[in-house]
Amino acid sequence: MPSFLEARNLILANVPLLGQERVLIADAAGRILAEDISASWDMPRWTNSAMDGYAVRSQDCQQPSSLNVIDFIPAGGGSDKTVEPGTAIKIMTGAPLPSGADAVVPVEETDQGENVVHIRKPVKTGAHVRFKGEDVTQGECIVSRGTYLRPPEIGMLASYGKAYVSVYRKPRVAILSTGDELVELGEPLSDDRIINSNSLALVAALKEIGAEPVVLGIAQDNRASHIEKISEGLKADALITSAGVSTGDRDFVRVVLDELGVKTLFCKVDIKPGRPTTFAMKGGKPVFSLPGNPVSTMITFEELVKPALLKMMGHTRVIKQEFDAVLETDLTKKRLGVLNFQRVNIAIREGRYYASCSGDQNTGILKTMVRADALALLPENKDIFKAGEIVKVHLLSPFIAMVEE
Ligand code: AMP
Ligand code: MG
């Protein structure tokens, strides 16, 4: 049975990178760039003023001095005049530095004179000047393939007039729930039924990372229903099933995967929750068969499926960031010798993370998952973790609570 890291590595080594598509830059945020983009010109394109002020010759201003103001250059303007000894040109932020000038004196450091300006302090060569190409030189790579496009990247690409960019395609991920006890939300709920909540939780999890969910509904606990639904799921880029993945009398997922020629790479992982998690591949498409307990489904999605989908979408950073947290409560494993993901709350005080148990860790208890901020990773080789000890945690949300003083 693979360990958590072995399982995650095996998954990552097998899932494919999807194809590419061109998208409008306005729709590209959150996507992964599929091309290297280099600068078609220097940035800034011309040497310009960083302040509203006066363009001067620094050698004229080695001590407090008065200069004749011979022109005015607004942003978007220019001047054909040259700053000769004893003169200055009034200039606005972003306007091209006129010839002869080698520095700008901000208005605040002058008497703001119209015809003659008095400069109070000595001026250094290059002061308040933004030089052509000082940000980016022509030909330099501005955003590289594999980059997650955030607002700064979008702004940079837009500043070079890139109206369209190539990004990796979003995976279409089929979601299949299995079990005779399930009904869809909105259907009549008799006493012996439960609502298929896993499908909706998985839809939400997929949307959160920018993947496209394809909801297949419920496979009944029989071969024929599984064959039909799993075959349908294999048309998507990836398939996630929940429940029916153990070896019980009514567990058909693994049998049917076999029957459909889907090759199982593992059918157990040394983790809790999530031990029966199965990973299989057919024709380059991954199938993730997750246990049905909603807590197990969500944790195995988070820890094993999400990195894989991120890789398929072109992300180069797919591994969850790990933080050290100081335990505020004891954490104890129920099953010894296994990597245990425990649901914890996180507090931040004086720049440190503190973790405390979010409640009952039974996989049947969904409430403690709802309350949890993070998963604490309790390694195989230890079973009791005392308050004060440091554990690794994976945050479940990109947002954290405001620090209370
Ligand atoms: P199984 O893996 O089929 O034994 O299911 C484990 C537990 O998860 C059972 O209590 C199921 O009722 C529950 N479960 C299975 N599928 C879902 C689902 N789609 N939504 C909510 N609970 C589920
Ligand atoms: Mg079942």
Side-chain angles (χ1 to χ4, degrees), residues 1 7 173-208 211 213-230 232-233 236 238-259 262 264 266-280 287-306 334-335 338 340-341 343 359-372 396:
M1 182 177 10
V173 183
I175 300 171
L176 176 63
S177 292
T178 73
D180 285 344
E181 75 276 35
L182 303 176
V183 294
E184 297 294 13
L185 189 153
E187 284 178 2
L189 185 63
S190 52
D191 285 349
D192 52 356
R193 297 290 142 120
I194 60 166
I195 295 175
N196 171 16
S197 62
N198 280 348
S199 274
L200 287 142
L202 288 170
V203 165
L206 291 172
K207 285 188 174 170
E208 203 173 62
V214 179
V215 179
L216 299 180
I218 300 165
Q220 298 304 314
D221 285 334
N222 62 63
R223 256 188 67 232
S225 182
H226 275 64
I227 289 176
E228 183 206 326
K229 294 284 190 184
I230 291 177
E232 185 65 27
L239 167 63
I240 303 174
T241 70
S242 77
V245 75
S246 302
T247 47
D249 291 350
R250 293 294 176 91
D251 289 339
F252 286 97
V253 172
R254 281 166 53 190
V255 184
V256 167
L257 286 175
D258 258 3
E259 205 170 321
V262 188
T264 298
F266 60 76
C267 58
K268 274 196 183 77
V269 188
D270 201 7
I271 55 175
K272 185 170 171 47
R275 191 177 162 90
T277 302
T278 293
F279 173 59
V287 177
F288 305 94
S289 290
L290 312 180
N293 269 311
V295 169
S296 312
T297 311
M298 286 177 216
I299 291 179
T300 50
F301 177 89
E302 189 67 27
E303 297 290 347
L304 291 168
V305 183
K306 196 195 250 187
K334 267 208 190 133
R335 255 199 52 215
V338 63
N340 193 186
F341 296 103
R343 289 148 262 169
D360 191 337
Q361 296 295 317
N362 196 304
T363 40
I365 307 296
L366 188 52
K367 186 168 65 185
T368 40
M369 186 73 192
V370 171
R371 284 187 189 150
L396 287 171

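Order of appearance sets the numbers: ligands from 1, and atoms from 1 within every ligand.
- Ligand 1 has Pro294 within reach: a non-hydrogen atom of the residue lies less than 4.0 Å from it.
- Using modelled atom types, no side-chain atom of Asn196 and backbone atom of Leu182 make a donor-acceptor pair closer than 3.5 Å.
- At least one N or O atom of Ser197 sits closer than 3.5 Å to an N or O atom of ligand 1.
- Looking only at protein heavy atoms, the nearest one to atom 18 (C) of ligand 1 is Asn198 ND2, 3.2 Å.
- Checked by atom type and distance alone, the side chain of Gln361 pairs as donor or acceptor with a backbone atom of Gly359 at under 3.5 Å.
- The closest donor-acceptor contact from the side chain of Asn293 to the backbone of Ser296 lies at 3.5 Å or more, if one exists at all.
- No N or O atom of Asp251 sits closer than 3.5 Å to an N or O atom of ligand 1.
- The protein heavy-atom contact nearest to atom 11 (C) of ligand 1 is Glu181 OE2, 3.1 Å.
- Under the 3.5 Å distance criterion, the side-chain polar atoms of Asn340 are matched with a main-chain donor or acceptor of Lys272.
- Residue Gly244 places a heavy atom less than 4.0 Å from ligand 1.
- Under the 4.0 Å distance rule, the nearest protein heavy atom to atom 4 (O) of ligand 1 falls outside the cut-off.
- Ligand 1 places these atoms under 4.0 Å from at least one heavy atom of Ser177: 19 (N).
- Looking at every heavy atom in both residues, Lys334 comes nearest to Asn362 through NZ-ND2, 3.9 Å.
- Tested against Val305 for a side-chain contact (heavy atoms from CB on, under 4.5 Å), the candidates Thr277, Thr300, Leu290 yield a single pass: Leu290.
- Residue, atom and distance of the protein heavy atom nearest to atom 19 (N) of ligand 1 are Asn196 OD1, 2.9 Å.
- Classification of Arg193 and Glu187 as a salt-bridged pair fails, no side-chain N sitting under 4.0 Å from a carboxylate O.
- A heavy-atom separation below 4.0 Å is not found between Thr297 and ligand 1.
- Looking at Gly292 next to ligand 1, an N or O pair under 3.5 Å apart turns up.
- When each atom of ligand 1 is checked for a heavy atom of Ile195 under 4.0 Å away, the hits are 20 (N), 21 (C).
- With hydrogens and angles disregarded, a donor-acceptor distance shorter than 3.5 Å links the side chain of His226 to the backbone of Gln220.
- Looking only at heavy atoms of the protein, atom 6 (C) of ligand 1 is closest to Asn293 N, 3.7 Å.
- Paired with Pro294 under the rule side-chain contact (heavy atoms from CB on, under 4.5 Å), one option of Asn198, Val370, Thr363 passes, and it is Asn198.
- Looking at atom 22 (N) of ligand 1, its nearest protein heavy atom turns out to be Ile194 CD1, 3.5 Å.
- Atom NZ of Lys268 sits in a sparse spot, with 12 or fewer heavy atoms from other residues, nucleotides or ligands closer than 6.0 Å.
- Residue-level proximity to ligand 1 for Ala243 is carried by backbone and side chain together, each with a heavy atom below 4.0 angstrom.
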